[in-house]
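Working notes for the structure below.
Position 1 is the first residue of the sequence, and the numbers go up from there.
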Amino acid sequence: MNEPLRSAAGSTEYRLLDVNRLGGAESALVLVALSGGGKRSAAFAHGVLRGMREIHVRPEGKDSTLLEEVDQLAGVSGGAFPAAHFGLYGAKSFETFPEEFLYPDIEAYVWGTFLLPWNWDWLVNPLVGTNDRMTEIYDQLMFRGATFADLARRGRPQVSINATDINFGRPFGFLPQTFDVICSDLASVPIARAVAASNGLPVLFSPVTLRNYRGPECPLPPAVPQYARERAQNDLRARALLEILQRYSDPEQVRWIHLMDGGISDNLALRVLLNDALLMDAQAEQLRPELLPVRRLLVISVNAEAPPNPNWPRQRIVSGFGQIISAATGAQISAYNLETVIALEHTVDNVVDKLREIRCRQGYRIMDYPCDDVAGKVLRVNLADYDEPETRARLLALRTGLTLPRDQVDELVAVGEAMIRRNAGAITRFLEAVPQASVAARAQ
């Protein structure tokens, strides 16, 4: 069970803008989202992270790598594994993650949960679920008792593990601001617990349940400040987000939060980033000192999802249990990915406009850069866009479970590395670019 908050300062100082000041370039916010899709997505995402080490950038005239500049790493479902593992172990993850997760037969543990009688606590104890056992497995294999306090101590990047709140069908990010709303201590939450929630496929796994501690004893101010509500009046998405936060802040409405696979609400791990951007936009004036240095906002979406099954529209009957589960979850998971990307691009544009306005009210130059030198970019790194047709078709046809042969894992990792490296030039130019025409230049 999650623990109540004991500090008036909030869950932890493990927040995006705090993390941005701990290292890398303050002028660049780099957010990376790793999609769901079982071990296929985990291997592809691991390869992309490996490739980021080789992309050299100079966002403030100092040598760095793209990986060193990542401020937030979000993962959902299969993508939660490499996100959490890299966040906890850093560069060591590139040596140990394949042996600890990518190569082992994880599905054997899943079957053991259902077939071995000594694992049947979930049948007789209503407070024990199948995902409790998977939490233990992930902890034994990878996380070894680590909590979000350990992630906070590492500092960079901030890691967001995303699940779905089945009460509202909305994404739920294991982040300080989310846990502050329910007056709970994120630092004490085991990483394995969050990953199990994010990967909790319906039917196979039980929900992970959190308690809402918001009430008279909560030391925090209201979850939704008045200025944020006023700022969000003209943005339907921001208003909807703040309404959900308001519900969480009322323990009479929401006493318990039940979490399942994050892919149900957002298989791209982008909607929690979108919500953060909406809140950043709504609270921009209050965050002005922290936001002033920011002149580049880069979001990288790493996506290993497969296209819809081409055979089902040609079949008279789709009746197998596996087919029904795949159709129900897959259709829901993939249906709104494009809309999510479009909404994120729109919100990034809004944040850029707000940053430009804030900076130019401050002065013509901010930290030696023109005040209007602000830009945002959403970069998509999709397995479906790989330019070798035979390899692409073979990899997209791979199953999305938690077990894959070693040679398929290695190929996915290699393709992930290759695809991010092909974007190296565009990334380098974006992070280093200075526009020729600027407010400061025109004023001289």
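With a 6.0 Å radius and a threshold of 12 heavy atoms from other residues, nucleotides or ligands, Y109 has its OH atom at or below the threshold.
Taking the side chain as every heavy atom from C-beta outward, I166 and P207 approach each other to under 4.5 Å. V208 has its side chain out of reach of M260: every pair of non-hydrogen atoms, C-beta onward, lies at least 4.5 Å apart. Between L67 and I55 there is no side-chain heavy-atom pair separated by less than 4.5 Å. Put simply, the side chain of L102 reaches to within 4.5 Å of the side chain of V413, judged on heavy atoms. Side-chain contact between R296 and L29 is absent, with no heavy atoms from C-beta onward closer than 4.5 Å. Annotation: side chain of M142 is in contact with side chain of F81 (closest heavy-atom distance under 4.5 Å).
Between R247 and V254, the shortest heavy-atom contact is O-CG2, 3.5 Å. In plain terms, the two heavy atoms of P157 and Q72 that are nearest each other are CB-N, 4.1 Å. In terms of heavy atoms, N20 sits closest to A25 at OD1-O, 3.4 Å. The shortest heavy-atom contact between K39 and F101 is NZ-O, 2.8 Å. Across every non-hydrogen atom of E3 and S184, the tightest pair is O-OG, 2.7 Å. The heavy-atom pair separating F430 from L297 by the smallest distance is CZ-O, 3.8 Å.
One finds a salt bridge joining R58 and D63 here, because a Lys/Arg side-chain nitrogen approaches an Asp/Glu carboxylate oxygen to under 4.0 Å. Between E68 and R156, none of the side-chain N atoms (NZ, or NE/NH1/NH2) sits under 4.0 Å from a carboxylate O, so this pair counts as no salt bridge. We find that E26 and R21 are not joined by a salt bridge, their nearest charged nitrogen and carboxylate oxygen being 4.0 Å or further apart. Between R421 and E417 there is a salt bridge, since a side-chain N of the basic residue sits under 4.0 Å from a carboxylate O of the acidic one. Under the 4.0 Å criterion applied to side-chain N and carboxylate O atoms, E411 and R40 are not assigned as salt-bridge partners. Taking the charged nitrogens against the carboxylate oxygens, D266 and R170 have no contact shorter than 4.0 Å, which rules out a salt bridge. A salt bridge links R356 with D353: at least one charged nitrogen is closer than 4.0 Å to a carboxylate oxygen. Ion pairing between K377 and E345 fails under the 4.0 Å rule for side-chain N and carboxylate O.
For E100, the side chain to side chain donor-acceptor pair (under 3.5 Å) partners at least two apart in sequence or on another chain are H85, R144.
Atom OG1 of T403 sits about 14.5 Å away from atom OH of Y103, to the nearest 0.5 Å. Separation of atoms CZ (R255) and OG1 (T209) is listed at 15.0 Å; rounding is to 0.5 Å. Atom CG of residue L31 and atom CG of residue L379 lie 12.5 Å apart, to the nearest 0.5 angstrom. In this structure, L383 CG and S41 OG are separated by 10.0 Å, a value rounded to the nearest 0.5 Å. To the nearest 0.5 Å, the span separating OG1 on T428 from CG on L66 amounts to 8.0 Å.
Here ring pair (Phe, Tyr, Trp, His ring centres under 6.0 Å) pairs that include residues 28-51, with residues two or more places apart or in two chains, are H46-F94, H46-F97.
No side-chain donor-acceptor contact under 3.5 Å links D180 and T178. Using modelled atom types and a 3.5 Å distance limit, the side chains of S301 and R380 yield no donor-acceptor pair. If you check the side chains of R271 and T340, you find a donor sitting under 3.5 Å from an acceptor. S77 and D261 form a side-chain donor-acceptor contact under 3.5 Å, judged by distance and modelled atom types alone.
Screening D165, N212, N167 for a side-chain hydrogen bond (donor to acceptor under 3.5 Å, both in side chains) involving Y248 leaves a single residue, D165.
When atom types are taken as modelled, the side chain of D250 and the backbone of Q246 share no donor-acceptor pair closer than 3.5 angstrom. No side-chain donor-acceptor contact under 3.5 Å links S198 to the backbone of V195. With R211 contributing its side chain and N2 its backbone, the two residues share no donor-acceptor pair below 3.5 Å. No donor-acceptor pair closer than 3.5 Å links the side chain of D410 to the backbone N or O of D407. In this structure a side-chain-to-backbone donor-acceptor pair under 3.5 Å is present from T130 to S206. Using modelled atom types, no side-chain atom of Y213 and backbone atom of P251 make a donor-acceptor pair closer than 3.5 Å. Judged by distance alone, the side chain of D139 and the main-chain N or O of G145 form a donor-acceptor pair under 3.5 Å. For E69 (side chain) and G24 (main-chain N/O), no donor-acceptor pair under 3.5 Å exists by modelled atom type.
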